[in-house]
Trainee: 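A single structure is presented below for examination.
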Amino acid sequence: MIIWLASYPKSGNTWIRIFLNNLFYSNEDPSNINSLKIGQFPNRSHFSGLTDNLDDIKEFSENCINAQERLNLSTQFKFFKTHHAYWKSGKHTFTNNTNSLGVIYVVRDPRNIITSIKNHYDFVDYNDALNFLINDKNVIGLRHSNNEVDLPHIISSWKNHYNSWKKMEKNYLLIKYENLLENPLIEFKKITNYLEKIIDKKFEERKFFESIDNCNFIKLKDQENKLGFIEAQKDKFGKVKPFFNLGPNNDWKKLLDKNIAKFIENEFYEEMSELNYI
């Protein structure tokens, strides 16, 4: 069954993915960020033989569960990163309890996400990034692409995305990006405790601390500078933009216009209050 690593884009999903990759799949050396064994769903190969028109949202929506059922023919648990909201369209849903063992949902203050979004998608200004953040019908991904992971992703708005995954009552774990920054040992321990319960596995203390050390932001940024990172985006001139960009230095109080910050607070007041962001 699938354990989802779910988040709105630029919320820390990759950080946890690298930690788990180190914890489960690396030996003494840190995992290469370009050979992560925890993949993404959806991937075009997951739908091979199910539909000839995966770029069509309707076709994609109708086959998500079919693709997951096929992945779950192997009874071994598996991790998948996803940026999809937990959407429902008629009788079709992104996933269900039959195919999911649980979800680790990573949430981040939208006032800090907007700066990362602006950089990652090469938006002209913060207004474009704001429109992205509040768009209830937001779908990302390139259609008709040869890239296996470039296909429609239904993410909706930051608010809808966060609220949608709360509907998964089966083994739902919420991790706040800000807590990861402030107390990585505590937050990563929450993740390992959660996993020990649902997959009946014990982690060595030595391996736990090594995995945290190997996903240190400075180390990841240094590795990207040396090796590049296949998930980094390009700007409009074709120049690769750093994926591990500001990290802990992304502080909305220093970077974001006060009017935009206030708009975000008003737009997402209920969710941000619930998460103690305001």
Side-chain angles (χ1 to χ4, degrees), residues 4-23 33 81-83 85-86 102-121 126 129-130 132-134 155-166 168 172-195 208-209 211-221 224 231 242-258 260-278:
W4 298 102
L5 309 180
S7 75
Y8 194 79
K10 307 308 295 180
S11 297
N13 190 307
T14 299
W15 189 6
I16 292 179
R17 183 173 161 220
I18 293 172
F19 166 74
L20 293 175
N21 202 78
N22 274 270
L23 192 66
I33 57 174
K81 162 192 172 178
T82 191
H83 287 313
Y86 191 179
V103 59
I104 301 171
Y105 187 83
V106 196
V107 69
R108 187 182 186 186
D109 189 327
R111 294 168 298 186
N112 276 330
I113 287 179
I114 193 171
T115 299
S116 293
I117 289 289
K118 179 179 178 295
N119 172 71
H120 187 70
Y121 292 105
Y126 277 105
L130 178 62
F132 181 100
L133 204 64
I134 65 175
I155 67 169
S156 190
S157 64
W158 177 86
K159 174 176 69 174
N160 287 347
H161 198 286
Y162 166 66
N163 286 326
S164 72
W165 278 100
K166 288 194 297 182
M168 176 174 278
Y172 172 87
L173 177 66
L174 178 68
I175 296 292
K176 290 174 66 174
Y177 176 85
E178 294 76 18
N179 291 346
L180 273 175
L181 286 178
E182 294 177 12
N183 299 294
L185 289 177
I186 293 175
E187 296 305 306
F188 281 120
K189 191 62 178 174
K190 285 181 184 177
I191 293 172
T192 54
N193 287 343
Y194 164 87
L195 292 172
F208 171 74
F209 286 108
S211 298
I212 291 176
D213 185 57
N214 289 339
C215 66
N216 176 278
F217 180 80
I218 295 174
K219 287 189 175 183
L220 297 177
K221 192 172 181 66
E224 181 181 19
E231 296 183 20
F243 184 93
F244 301 101
N245 187 33
L246 293 175
N249 294 320
N250 184 357
D251 184 352
W252 68 269
K253 298 182 187 70
K254 298 177 182 178
L255 300 169
L256 192 60
D257 180 271
K258 291 180 180 180
I260 292 180
K262 190 64 178 176
F263 185 94
I264 291 173
E265 291 163 5
N266 290 335
E267 185 76 10
F268 303 144
Y269 179 79
E270 184 175 342
E271 291 74 22
M272 292 179 72
S273 296
E274 180 181 309
L275 290 161
N276 294 318
Y277 287 143
I278 53 177

Trainee: Mind listing the side-chain donor-acceptor pairs of residues 271-278 below 3.5 Å, one per line with the distance, residues two or more places apart or on another chain?
Mentor:
residue: E271; atom: OE2; partner: N163; partner atom: ND2; Å: 2.9
residue: S273; atom: OG; partner: Y269; partner atom: O; Å: 2.8
residue: E274; atom: OE1; partner: K166; partner atom: NZ; Å: 3.3
residue: E274; atom: OE2; partner: Y162; partner atom: OH; Å: 2.5
residue: E274; atom: OE2; partner: K166; partner atom: NZ; Å: 3.0
residue: Y277; atom: OH; partner: D109; partner atom: N; Å: 3.3
residue: Y277; atom: OH; partner: E178; partner atom: OE1; Å: 2.6

Trainee: Taking the inter-plane angle between the rings of F268 and W158 on a 0 to 90° scale, is it parallel (under 30°), tilted (30 to 60°) or perpendicular (over 60°)?
Mentor: tilted
Trainee: When rounded to the nearest 0.5 angstrom, what distance separates OG in S11 from CD1 in I175?
Mentor: 13.0 Å
Trainee: Quick one: salt bridge (charged side-chain N to carboxylate O under 4.0 Å, His left out) partners of K176, sequence neighbours excluded?
Mentor: none
Trainee: Considering all heavy atoms of both residues, which atom of A129 and which atom of I114 are nearest to each other, and what is their separation?
Mentor: CB-CG1, 3.6 Å
Trainee: Students often mix this up, so state it plainly: with edges at 30° and 60°, are the rings of Y105 and H161 parallel, tilted or perpendicular?
Mentor: tilted
Trainee: Take W15 and L181, measure what side chain to side chain contact (heavy atoms under 4.5 Å, CB included) needs, and give me the verdict at the end.
Mentor: CA-CA 11 Å; W15 189 6; L181 286 178; 3.9 Å; yes
Trainee: I would like to know whether I155 and F132 meet side chain to side chain contact (heavy atoms under 4.5 Å, CB included); could you show each step before the answer?
Mentor: CA-CA 10 Å; I155 67 169; F132 181 100; 3.7 Å; yes
Trainee: Could you work out, with side chain to side chain contact (heavy atoms under 4.5 Å, CB included) as the rule, every residue matching D257, not counting sequence neighbours?
Mentor: N259, I260
Trainee: Mind listing the closest non-hydrogen atom pair of P9 and Y121 along with its distance?
Mentor: CB-OH, 3.9 Å
Trainee: Looking only at heavy atoms, which two atoms of L255 and Y126 are closest? And how far apart?
Mentor: O-OH, 3.8 Å
Trainee: Any donor and acceptor pair, going by atom type alone, linking the side chain of S211 with main-chain N or O of L23 inside 3.5 Å?
Mentor: yes
Trainee: Between S116 and K10, which heavy-atom pair has the shortest distance, and what is it?
Mentor: CB-CB, 3.7 Å
Trainee: Whether the side chain of N13 engages the backbone of L5 through a donor-acceptor N/O pair (distance < 3.5 Å, no angle test) should be reported.
Mentor: yes
Trainee: How far apart are the closest heavy atoms of Y194 and V103, and which atoms are they?
Mentor: OH-N, 3.2 Å
Trainee: Could you walk me through whether F188 and F209 pass the side chain to side chain contact (heavy atoms under 4.5 Å, CB included) test, one step at a time?
Mentor: CA-CA 10 Å; F188 281 120; F209 286 108; over 6 Å; no
Trainee: Nearest 0.5 angstrom please: K159 NZ to I134 CD1, how far?
Mentor: 9.5 Å
Trainee: Between CD1 of I18 and NZ of K81, what distance do you get to the nearest 0.5 Å?
Mentor: 9.5 Å
Trainee: If only atom types and distance count, is the side chain of R111 paired as donor or acceptor with the main-chain N or O of I264 below 3.5 Å?
Mentor: no
Trainee: Can you name the closest pair of heavy atoms from W165 and A6 and give their distance?
Mentor: CE2-CB, 3.6 Å
Trainee: Do side-chain atoms of N21 reach the backbone of R17 as a donor and acceptor pair under 3.5 angstrom?
Mentor: no
Trainee: To the nearest 0.5 Å, what is the distance between CG on L195 and NZ on K190?
Mentor: 14.0 Å
Trainee: How about I186 and N179: do any of their side-chain heavy atoms sit closer than 4.5 Å?
Mentor: no
